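Owing to the predicted nature of the structure, the values given are computational and were not obtained by experimental measurement. Note that the numbering runs from 1 along the sequence shown for the chain.
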Amino acid sequence: MLNYDPLACLPSSEELPDSDDTPVDNELQDLIPGLLKALLAMAWPERMDWFFGVDMGIYYDPDLPAIVPDGFLSLGVERFYDEDLRPSYVLWEENKLPILVFEVVSKTYRGEYSTKKAEYARLGILYYVVYNPFRRRKPRLEVYKLVNNVYELHDGNPVWLPEIGLGIGIERGTYLGIPREWMYWYNQQGQRFLTPEEKEKVAEQKAQQAEQKAQQAQRRAELLAEQLRSLGIEPDSLI
């Protein structure tokens with residue numbers, strides 16, 4: 001008897017388009033997810049069970065075009081398959097929904113507060129995060145959690161995401177030499193993970209402090225030796 005596998009009839013990620021030819025109309029829509037991905041790589045250096053997509057298509061129906069959030073996180077999947085990496089994220093291959101998607105709003109809305117939000121809820125994605133850098137009176141960061149098929153807004157900054165084991169929030173910092181408000185991951189104590197350049201700067205500061213302490217210790221030893229010689233005592237004789 002022939003075993004029929006319906007998944008075998010579906011197109012693979014190699015066969016599906018990996019670009020929707022939609023230009024990124026806001027530089028932040030590229031830089032912010034890039035930063036979040038870099039921070040995850042530093043926060044989870046040994047873990048290989050997660051994937052973070054940036055401006056990548058998520059295929060959920062072979063008869064429909066992919067949805068393309070600015071960024072998304074999936075847990076319980078392979079971080080990478082081979083050196084060619086993923087061309088797209090295909091649900092019938094991955095068998096895992098992203099646990100979080102986020103959008104960075106440009107000056108032209110693209111359904112972040114309406115159609116996209118409804119679509120992500122319909123798919124069952126647990127967290128939906130929206131960052132609008134142009135807002136002045138309303139919160140720029142909104143973190144929604146899916147409860148009974150409806151997204152509920154969570155207050156706070158950062159917001160702890162227990163299913164992920166990280167918090168997400170915004171604050172001012174420096175990334176790629178640009179000082180501004182960025183989006184970061186946070187630990188359970190509310191401390192944000194540093195950017196690569198911030199970590200390098202901290203390491204340089206620690207190295208400078210260690211060198212200063214060593215120089216001070218050397219100077220104190222030299223002063224002590226001078227004081228001993230003034231008393232007619234040769235320092236080497238005390239060793």
Next item on the list: Show your working on side-chain contact (heavy atoms from CB on, under 4.5 Å) between Gln218 and Lys213 and close with a plain yes or no.
Entry: CA-CA 9 Å; Gln218 178 66 25; Lys213 289 181 179 179; over 6 Å; no
Check: Between Arg135 and Glu142, does a salt bridge (charged side-chain N to carboxylate O under 4.0 Å, His left out) hold up when you go through it step by step?
Finding: CA-CA 11 Å; Arg135 278 187 165 179; Glu142 294 181 344; 2.8 Å; yes
Margin query: Between Val105 and Tyr113, is the side-chain contact (heavy atoms from CB on, under 4.5 Å) condition met? List the steps.
Written below: CA-CA 9 Å; Val105 181; Tyr113 298 105; 4.0 Å; yes
Notebook entry, point to check: Passes side-chain contact (heavy atoms from CB on, under 4.5 Å), Leu40 versus Leu166? Steps please.
Noted result: CA-CA 10 Å; Leu40 272 183; Leu166 294 171; 3.5 Å; yes
Margin query: If you apply the rule side-chain contact (heavy atoms from CB on, under 4.5 Å), what do you find for Phe102 with Glu112, and how did you get there?
Written below: CA-CA 9 Å; Phe102 77 91; Glu112 290 88 354; over 6 Å; no
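Side-chain contact between Val77 and Arg86: present, with at least one pair of heavy atoms (C-beta onward) separated by less than 4.5 Å. Put simply, the side chain of Thr174 reaches to within 4.5 Å of the side chain of Pro179, judged on heavy atoms. Inter-residue side-chain proximity for Pro98 and Leu91 is flagged as met; some heavy-atom pair is nearer than 4.5 Å. Between Met183 and Leu141, the closest side-chain pair of non-hydrogen atoms falls below 4.5 Å. Two residues are said to be in side-chain contact when any heavy atoms from C-beta on lie closer than 4.5 Å; Val143 and Leu153 fail this criterion.
For the side chain to side chain donor-acceptor pair (under 3.5 Å) test, residues two or more places apart in sequence or in another chain that qualify with Lys145 are Glu163. Arg180 pairs by the salt bridge (charged side-chain N to carboxylate O under 4.0 Å, His left out) definition with nothing, not counting sequence neighbours. Partners of Gln189 according to the side-chain contact (heavy atoms from CB on, under 4.5 Å) rule, which considers only residues two or more places apart in sequence or in another chain, are Asn187, Gln191. Applying the side chain to side chain donor-acceptor pair (under 3.5 Å) test to Glu78 and every residue at least two apart in sequence or in another chain returns nothing. Remark: Pro69 pairs with Ile58, Phe72, Val101, Glu103, Tyr120 by the side-chain contact (heavy atoms from CB on, under 4.5 Å) rule, at least two apart or across chains. Residues passing the salt bridge (charged side-chain N to carboxylate O under 4.0 Å, His left out) test with Arg220: none are found, sequence neighbours excluded. Residues satisfying the salt bridge (charged side-chain N to carboxylate O under 4.0 Å, His left out) test with Arg192, not counting sequence neighbours, are Glu171, Glu198. Partners of Asp61 by side chain to side chain donor-acceptor pair (under 3.5 Å), not counting sequence neighbours: none found. Residues satisfying the side chain to side chain donor-acceptor pair (under 3.5 Å) criterion with Tyr131, sequence neighbours excluded, are Glu181. By the salt bridge (charged side-chain N to carboxylate O under 4.0 Å, His left out) test, Arg47 is found to be paired with Asp49, residues two or more places apart in sequence or in another chain being considered.
Residues Lys116 and Asp70 are not paired through a salt bridge, judged by the lack of any N-O separation under 4.0 Å between the basic side chain and the carboxylate. Glu119 and Lys117 are not joined by a salt bridge, as no carboxylate oxygen comes within less than 4.0 angstrom of a charged side-chain nitrogen.
Leu123 and Val150 are assigned to two separate hydrophobic clusters, defined by single-linkage of ILVMFWY side chains at heavy-atom distances under 4.5 Å. Hydrophobic clustering (ILVMFWY, side-chain heavy atoms < 4.5 Å, transitive): Val147 and Tyr127 are in distinct clusters.
The closest donor-acceptor contact from the side chain of Glu197 to the backbone of Gly177 lies under 3.5 Å.
In plain terms, the two heavy atoms of Pro158 and Tyr186 that are nearest each other are CB-CD1, 3.6 Å. Residues Ser88 and Gly57 share a closest heavy-atom pair of CB-O, 3.7 Å. Shown here for Leu28 and Pro33, the closest heavy-atom pair between the two residues is O-CD, 3.7 Å.
Going from atom CH2 of Trp185 over to atom CG of Leu39 covers 9.0 Å, rounded to the nearest 0.5 Å. The distance from the OG1 atom of Thr195 to the CD1 atom of Ile178 is 11.0 Å, given to the nearest 0.5 Å. Between Leu35 atom CG and Leu176 atom CG the span is 8.0 Å, to the nearest 0.5 Å. Considering CH2 of Trp44 and CG of Leu75, their distance stands at 5.0 Å, rounded to 0.5 Å. Annotation: the span from Leu126 atom CG to Leu161 atom CG amounts to 8.5 Å, rounded to 0.5 Å. Put simply, CD1 on Ile125 and CD1 on Ile67 are 5.0 Å apart, with the number rounded to the nearest 0.5 Å.
Counting non-hydrogen atoms of other residues, nucleotides and ligands closer than 6.0 Å to NZ of Lys96 gives a total of 12 or fewer.
A donor-acceptor contact under 3.5 angstrom links the side chains of Tyr89 and Ser74, judged on distance only.
Sorted by first and then second residue, the pairs that involve residues 150-178 and meet ring pair (Phe, Tyr, Trp, His ring centres under 6.0 Å), not counting sequence neighbours, are Tyr128-Tyr151, Tyr175-Trp182.
The other residues sharing a hydrophobic cluster with Met48 are Phe80, Leu85, where clustering joins ILVMFWY side chains under 4.5 Å apart.
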